[in-house]
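Structure first, then comments.
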Amino acid sequence: MRGMRKLFSPQPQTIGRPKGATSQADAVSERYLEGTPQQVLDELASIVGKDNVLGRLSDLVRYASDAGPYRTVPSVVVRPRNAQDLAGLMAYARQNNRHLVFRAAGTSLNGQAMTDDILVDVKTHFGGMKVLDEGARLWSRPGVILGDAQAVLARHGFMLGPDPGSTSVCTIGGVIADNAGGMRCSVPRDTYHSLESATIVLPSGTVIDTAAEDADEQLARLEPEIHAGLIALREEIRGDDELVALLQRKFSIRNTNGLRLDAFLDEERPVDILLRLMVSSEGTLGAVTESVIRTIPLPRKKAVAWVMLPDLRQAASYVHALMETGAEACELLVAPVLKRAVGNFPTAPAEWADFDENAAALLLEVGGTDEADLADAIKRAEAVLINAELLSPLRFDDTPDGMRGAWSIRNGLFGLIGADRPQGSALITEDVCFPPADVGAGAADLLDLLASYGYPEMVMGHAAFGNLHFFLLPRFDIEEEREAYANFLDDLTDLVIGKYQGSLKAEHGTGVNMAPFLQREWGDRAWELMWDVKDLLDPAGILAPNVKLTRDPLVHLQNFKSFPQVEEEINQCVECGFCEPVCPSRHITVTPRQRIVLRREMARQPEGSKVLEKLQEEFQYDGIDMCAVDGTCSIPCPISIDTGAAMKQLRAQQHSSGAKKVALSTAKNWAAVEKTARVGMSVAEKLPTPLLRGAANLGRTLINEDLLPTVPGPLPDAAASHLPLTTREGASALYFPACVNRIFGQPGDASPDHLSLPESVVELGRRSGRPVWIPEGVAGDCCGTPWSSKGYKEGFNYQAQQIARDLVEWSDNGALPVVVDAASCTHGLLEQVPHALDGELAEQFAQLQILDVVEWLHSEVLPGLPIVRTVGRAAVHPTCSTMHMGINDQLRDLTQAAADELVVPERATCCGTAGDRVLLHPELVKSATSEEMAELTGHFDAFVSDNRTCEMGLEMTSGHTYESIAVLLEKVSRPVVTP
């Protein structure tokens, strides 16, 4: 057997260092080569289970970075499953003099989730939420993504108060730990004021549920020293009038710099004081494993307007009055920001480019319960601005596209700056808070300070709350720039604290970045009391050393991460992590951010490094083989980075000249390959799945698991050998059945009267009066995606040019629109094929109107289609391609027309099928869809999507029979036959 494996196995694949990479001083040393010592792995596995201890070199490196400017390699990563596991980890740390740092989404910006010891993942096993009191409250675990919670609450007409820019990726645990804010989060709406109860694991291992009726008695019984100590601190703080006034003033505005000593003013019972202290504690006092948070009503009608004014101070002068009218949000942007938006955002008016450098704008959002209420809100805002010196007319836009476009400008500027930053520089997003009345003057002074250091003169933020954001682009590998950064922070402290008595951190938390400045902001008395709280709750100091509280004045100037040059497609990544929730491989190997983090470490390593060699070896499966190259990571990315494109590039580099020739030959002979595959499917239909799987897995063992497919579940029937007969005369569209639908037919359990997808499309066209024509000779044509996804450029170019020529000819140079019945193929024709064309062919192809079948059904068929029956309950899987093309809403509309109830899982992302991934790596698809499938509870009458390979993958791994929306529409519009 070993001899056969050696004979048939291909040469080992290698992954090179990125071109232009140079070794860096912060390269991971060889002491991490073998990962975590086995003894430590075994000890921790006894607490959390073997599968929840990560200790390979790659694991340590990928968890060494987060969204901030620091980088520290952990000694091990653990994923506790519950509060009991966390209690066990606390005990282990105390007994072995180890330290724990908690990490959830890794979106922290100030070094809150960095450690060289035990990093504790409190996201993986801490999902789950429940809406209480019809939306008035939410119970959740800390790993729940805030955006998911907001989406669920919105169905009930409510939302959580915090709405930071990272809503789509940050977790509720992080929101609590940092007291996150956002565009609409006033101080009374923040987590500190809306957290009702929580389950807390203290550093001693004691678990306290503050919602229990006898919670305070439990705390007194289980932790008498803590209970008594909290009472003593309460009395000491309340007895100091000067300190009380300081706390009340400092926490009347946004402030996440330091511990919430005002908890001792706001609560009586020690257990309630403990609950408040956990907010904004950044993992330094304990861990929250469950929480109940009060929500706020969600405005059902909204509108936005750009208020353009001559200067900062005038803009700022209107903020308070506008918020007093009940406005939802009021964001401040200065002229350099507005100018930068022109040409980069389609909704940015061209006249912004001509504004004076001193100009400023307010992005105002108002809301109401209904149209009349919204109209009143608009009138109130207009009244405030009646005498304002506006640079452009005031217009309120209540359209979804208009509101989305305005907020995309506000939120997308982070990405613009990140994409344009110099090679090797970090992107640091800082936030400070001025008293709201001083926000105009503070912003002007801040701009002057930024200019004096050569940092971008861009200030924007939540003006209603005095909270401003700005950006720094230092090169931390240059000593002069490190010194300049240190000096800037000193000057910033003088400005914000010395001149305006504001907050050095408004909503991003303290981390290690601002910990050395805490004493300056709060004074010796409050600072020492914060240490008293830390020592009371964590006397052994096992949690998050130097985070929030430190006695090291230089800790914020250590462990900066370098940004070595990597592949062009991923070079500008700021490691924010926005891509992670949508990545198919996020639960099984690595995420897009982690792929980039690992490539950067490979770039830091010198040639011949053993660490480099080990990283390359582990990256093959983790990073390359398990990448679905679906591109969905580019959608939430602020810079639109498609990490899959870089992985395709790496795949291409691994192909031998022989493999490239075979791929090109396959492309040239695709018609024969297609026919052979269809015949093979016919043979496979007659064999039981276990027998097929056994034969396939034997071949994979002998040859290569990434070359030969397996059979994870029942295969569909083979497609018919002939496509439906159609005619060109009278056709309203050219119909191109994708090759996957010419090979794979209906599900194996389909009823006798079941029509195939091509038959359904033809029939739907006929019934709606929009007949289609299938040209002869479509066999052999393909969009080229199978070659593109694997990095076979020559094969892709051949197929792309072939299909382009044929579609131009068949459509009579665009006289007929082209309808394609697989979303990935439609997307490939629109986005990939044009890159393989030039000259006259490129011009001709650009004139074609290429429609996905969903678009065609929505615009052309449904209006004239007689629906005669509906199915009861239908589940929809939006594919990555429908997301890219922006047709998910149309897919929902079509399904809604055919079903009484529509279910689109909140966690439906790319299924990971990626053409053949389900046959090569079914574990990827199973993992990618696990959260989606968990949401599909109860009975369903139909499961629909818009891509055959995705439907096959979902069926093979979930057992649900997914079909095209066209097949469902054909069934519900089929004429009733009366006896």
Side-chain angles (χ1 to χ4, degrees), residues 674 678 716-747 750-783 803 806-807 809-812 815-826 829 848-869 887 890-891 894-895 897-898 942 944-948 951 962-977:
E674 183 182 319
R678 190 165 52 247
D717 293 343
S721 57
H722 298 287
L723 292 165
L725 292 176
T726 58
T727 178
R728 172 70 172 79
E729 185 178 355
S732 67
L734 185 162
Y735 169 33
F736 177 75
C739 60
V740 66
N741 292 318
R742 304 193 303 261
I743 296 172
F744 298 105
Q746 58 197 24
S751 60
D753 64 345
H754 183 100
L755 294 189
S756 67
L757 176 54
E759 290 172 326
S760 296
V761 172
V762 170
E763 187 62 18
L764 287 168
R766 185 191 64 77
R767 287 178 196 162
S768 62
R770 307 299 292 168
V772 297
W773 168 58
I774 303 175
E776 294 183 11
V778 294
D781 270 8
C782 177
C783 65
I803 197 171
D806 286 343
L807 290 180
E809 178 186 344
W810 292 333
S811 68
D812 192 13
L816 282 180
V818 179
V819 176
V820 185
D821 63 3
S824 63
C825 300
T826 315
L829 287 168
L848 303 186
Q849 182 186 10
I850 298 175
L851 300 173
D852 186 73
V853 70
V854 163
E855 297 175 280
W856 176 71
L857 290 170
H858 192 270
S859 63
E860 298 294 318
V861 172
L862 190 59
L865 189 67
I867 304 294
V868 298
R869 65 179 67 80
I887 59 175
Q890 296 177 38
L891 178 60
L894 293 171
T895 311
V944 299
S945 192
D946 182 34
N947 203 62
R948 190 70 190 105
E951 293 153 13
Y962 278 81
E963 296 187 89
S964 168
I965 180 60
V967 174
L968 177 60
L969 283 174
E970 188 282 321
K971 290 178 181 177
V972 299
S973 65
R974 188 179 299 175
V976 176
V977 178

Practice task
Scan residues 730-747 for pairs that pass salt bridge (charged side-chain N to carboxylate O under 4.0 Å, His left out), counting only residues two or more places apart or in two chains.
Solution key: E674-R742
Practice task
Indicate yes or no for a side-chain donor-acceptor contact from D781 to the backbone of I803 under 3.5 Å, with no hydrogens or angles considered.
Solution key: no
Handout entry: Verdict with supporting geometry, D946 and I887, side chain to side chain contact (heavy atoms under 4.5 Å, CB included)
Key = CA-CA 10 Å; D946 182 34; I887 59 175; 4.3 Å; yes
Problem - Set of side chain to side chain contact (heavy atoms under 4.5 Å, CB included) partners for H858, sequence neighbours left out - result: Q890, D893, L894
Exercise for the section: Please list, chain by chain and in numerical order, all residues satisfying salt bridge (Lys or Arg N to Asp or Glu O under 4.0 Å) with R766, sequence neighbours excluded. Expected result: E763
Exercise for the section: Would you check if L969 and L857 make a side-chain contact, meaning some heavy-atom pair closer than 4.5 Å? Expected result: yes
Fill in the blank from the handout: Sequence neighbours excluded, the answer for side chain to side chain contact (heavy atoms under 4.5 Å, CB included) partners of T826 is V820, L830, I850, D852, M885
Handout entry: Any side-chain heavy-atom pair of R767 and E970 under 4.5 Å
Key = yes
Fill in the blank from the handout: In this structure, CG of L848 is separated from CG of L816 (nearest 0.5 Å) by 10.5 Å
Practice task
Taking all non-hydrogen atoms of both residues into account, name the closest pair between P863 and S859 and its distance.
Solution key: CG-O, 3.6 Å
Handout entry: Spacing of C783 atom SG and F736 atom CZ [to the nearest 0.5 Å]
Key = 7.5 Å
Problem - Smallest separation among heavy atoms of L891 and V854, with atom names - result: N-CG1, 3.7 Å
Handout entry: Separation between CG of L968 and OG of S945, rounded to the nearest 0.5 Å
Key = 12.0 Å
Exercise for the section: Locate the shortest heavy-atom distance separating L862 from A897; write the atom from each residue and the value. Expected result: CD1-CB, 4.0 Å
Problem - For V818 against S811, the heavy-atom pair lying closest together - result: CG2-CB, 4.3 Å
Side-chain donor-acceptor pairs under 3.5 Å in residues 770-779, sequence neighbours left out?
unit_1, atom_1, unit_2, atom_2, d
R770, NE, E860, OE1, 2.9
R770, NH2, E860, OE1, 2.9

Problem - From OG (S824) to CZ (R948), nearest 0.5 Å - result: 12.5 Å
Problem - Nearest heavy-atom neighbours spanning N947 and C825 - result: OD1-N, 4.5 Å
Practice task
Could you tell me whether the side chain of V967 reaches within less than 4.5 Å of the side chain of L757, counting heavy atoms only?
Solution key: yes
Handout entry: Nearest heavy atoms of P817 and L851, plus distance in Å
Key = CB-CD1, 4.3 Å
Problem - Residue pairs fulfilling side-chain hydrogen bond (donor to acceptor under 3.5 Å, both in side chains) with at least one residue in residues 729-739, sequence neighbours excluded - result: Y735-D821
